[in-house]
Amino acid sequence: MFRPLLRVLRRARILVFLSLIAALVILASYMFAGFIDEAAKSAKFIELGFDHIFVPSARLHIDRRQLMSRILRYQGIPFGFFPATTAYDIDHPEAYSFWLGEEHWTPPKSFLLSATALASFRTHMNVINDIVRLEHASTLVLGDQIDIAADIKQQMRTVVESLPATWDILYLGHCSNETLRPTTFHSQIYVAADPKCVFAYALSRAGARRLKRVLDNMWPAPQKTFEDVLSDMVMPLFLEAYVVDPPLVAHVEKISDSLYSPTYYTLGNSTLDKLGLLSRKHMR
């Protein structure tokens, strides 16, 4: 009499357990929907000549990820979103949950940088840690508010092939007024002396390892922003750095629901323009 009832109860428990698991999976898929890695769709990251392309983006910046997805899919360039550390994470380390594979870091103690600057510093550190951990030969890091040249794939083929074997970092976009020194191996590649902005830079395996050692020694009390640290490492030639000029990537800002404006440099052949998303009124 009781055995059928026990069997029913046991099956009910199993059903409830499976339902709970299914609910958690669905919830997780919604939580991480913005960070789907395009590598799952294509393993060919050679479109721009690099092993991998990371696009760091904070979870709340859904509109930025939609923009980047639209630009890079239009170009047919596979990429992967990377979870960015936020100012809230810095201010509330007790509430922070490390994502799978993330290096457990000590909350920062710097009083010279804002929480936003520290979050950016930590985000780039996490990206570089992954580059080293995954042993990528070369990796491109793109911001989530950018425009790229419509013919970037054609131009990058010759750029990457022309880089010397000793290169550490390559800026595909920059916002520096420095006088650029030309190289002998490519008309668009210049020696970087005082590079500014980090919305489009590539690292070789050696460059990532060298940079990781320096950044690890600075955390948890960095005295300068990540951008300034890179500049300091380039000027004494600790990093062999180059700049692509004219730039192939430009930073933009959102000015309406469907339009973006360049913040420093306007690309002559813009992907956003081809998509009808570039404001010509605000072009500089």
Side-chain angles (χ1 to χ4, degrees), residues 34 36-39 41-42 44-57 61-82 84 123-124 127 136 138-163 169-176 180 186-190 192 195-203 227 241-255 258-280 282-284:
I36 295 173
D37 195 333
E38 292 293 311
K41 299 179 180 178
S42 174
K44 295 181 179 178
F45 283 89
I46 60 173
E47 293 289 354
L48 296 184
F50 304 107
D51 281 8
H52 200 85
I53 300 173
F54 282 124
V55 182
S57 182
H61 293 163
I62 298 172
D63 57 335
R64 297 186 185 181
R65 291 195 294 282
Q66 290 173 340
L67 172 68
M68 290 305 302
S69 294
R70 188 168 178 183
I71 290 175
L72 294 172
R73 286 172 181 167
Y74 174 83
Q75 287 285 349
I77 298 173
F79 65 99
F81 283 119
F82 191 94
T123 295
H124 287 283
V127 170
H136 292 311
S138 60
T139 307
L140 175 62
V141 183
L142 295 174
D144 60 0
Q145 281 189 295
I146 60 168
D147 186 11
I148 65 176
D151 58 348
I152 190 171
K153 289 193 288 188
Q154 292 85 343
Q155 294 197 56
M156 282 305 298
R157 285 195 190 102
T158 60
V159 167
V160 173
E161 291 172 356
S162 301
L163 285 171
I169 184 169
L170 174 70
Y171 289 84
L172 278 68
H174 64 92
C175 51
S176 173
L180 299 172
H186 197 286
S187 60
Q188 282 182 266
I189 302 178
Y190 294 80
K196 299 295 182 185
C197 297
V198 288
F199 54 79
Y201 67 93
L203 289 170
E227 177 185 322
Y242 298 96
V243 172
V244 178
D245 198 79
L248 298 177
V249 181
H251 188 268
V252 297
E253 61 184 357
K254 191 173 186 178
I255 59 172
S258 59
L259 287 177
Y260 295 82
S261 172
T263 58
Y264 183 82
Y265 180 85
T266 302
L267 298 174
N269 191 10
S270 159
T271 299
L272 280 180
D273 194 26
K274 289 187 176 297
L275 292 171
L277 300 175
L278 187 68
S279 171
R280 293 188 169 275
H282 294 82
M283 288 174 69
R284 304 175 185 184

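Sequential numbering from 1 along the given sequence is applied to the chain's residues.
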Once you round to the nearest 0.5 Å, how far does [atom1] of [X] lie from [atom2] of [Y]?
X: Glu253; Y: Tyr264; atom1: CD; atom2: OH; result: 15.0 Å
X: Ser261; Y: Ile255; atom1: OG; atom2: CD1; result: 5.0 Å
X: Leu272; Y: Ile148; atom1: CG; atom2: CD1; result: 8.5 Å
X: Asp144; Y: Phe82; atom1: CG; atom2: CZ; result: 13.5 Å
X: Ile71; Y: Phe79; atom1: CD1; atom2: CZ; result: 10.0 Å
X: Leu163; Y: His186; atom1: CG; atom2: NE2; result: 8.5 Å

Side chains of Tyr190 and His174 only: does a donor on one sit below 3.5 Å from an acceptor on the other?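 Result is no, nothing qualifies.
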
Which heavy-atom pair separates [X] from [Y] by the least distance, and what is that distance?
X: Gly143; Y: Val55; result: O-CG1, 3.8 Å
X: Val243; Y: Ala192; result: CG2-CB, 3.4 Å
X: Ser162; Y: Ile189; result: CB-CD1, 4.3 Å
X: Arg65; Y: Ser57; result: CG-OG, 3.2 Å
X: Thr263; Y: Val252; result: CG2-C, 3.8 Å
X: Val160; Y: Gly49; result: CG1-O, 3.6 Å

Testing Asp147, Leu278, Ile146 for side-chain contact (heavy atoms from CB on, under 4.5 Å) with Leu267, which one passes?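 Only one option passes, and that is Asp147.
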
Any side-chain heavy-atom pair from [X] and [Y] closer than 4.5 angstrom?
X: Pro246; Y: Tyr265; result: yes
X: Arg70; Y: Leu277; result: yes
X: Val141; Y: Pro56; result: yes
X: Met156; Y: Phe50; result: yes
X: Thr139; Y: Val127; result: no
X: Thr271; Y: Ile152; result: no
X: Leu172; Y: Val159; result: no
X: Lys274; Y: Asn269; result: yes

Under the side-chain contact (heavy atoms from CB on, under 4.5 Å) rule, what do Ser69 and Phe81 come out as? Steps first, then yes or no, please. CA-CA 9 Å; Ser69 294; Phe81 283 119; 3.5 Å; yes

Quick one: sort the His136 and His52 rings into parallel, tilted or perpendicular, breaks at 30° and 60°.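 Ring orientation, 0 to 90° scale: parallel.
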
Using a 3.5 Å distance criterion without hydrogens, assess whether the side chain of Gln145 forms a donor-acceptor pair with backbone atoms of His251.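 A pair under 3.5 Å: no.
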
Take Leu170 and Val244 through the test side-chain contact (heavy atoms from CB on, under 4.5 Å) and record every step on the way to the result. CA-CA 7 Å; Leu170 174 70; Val244 178; 3.8 Å; yes

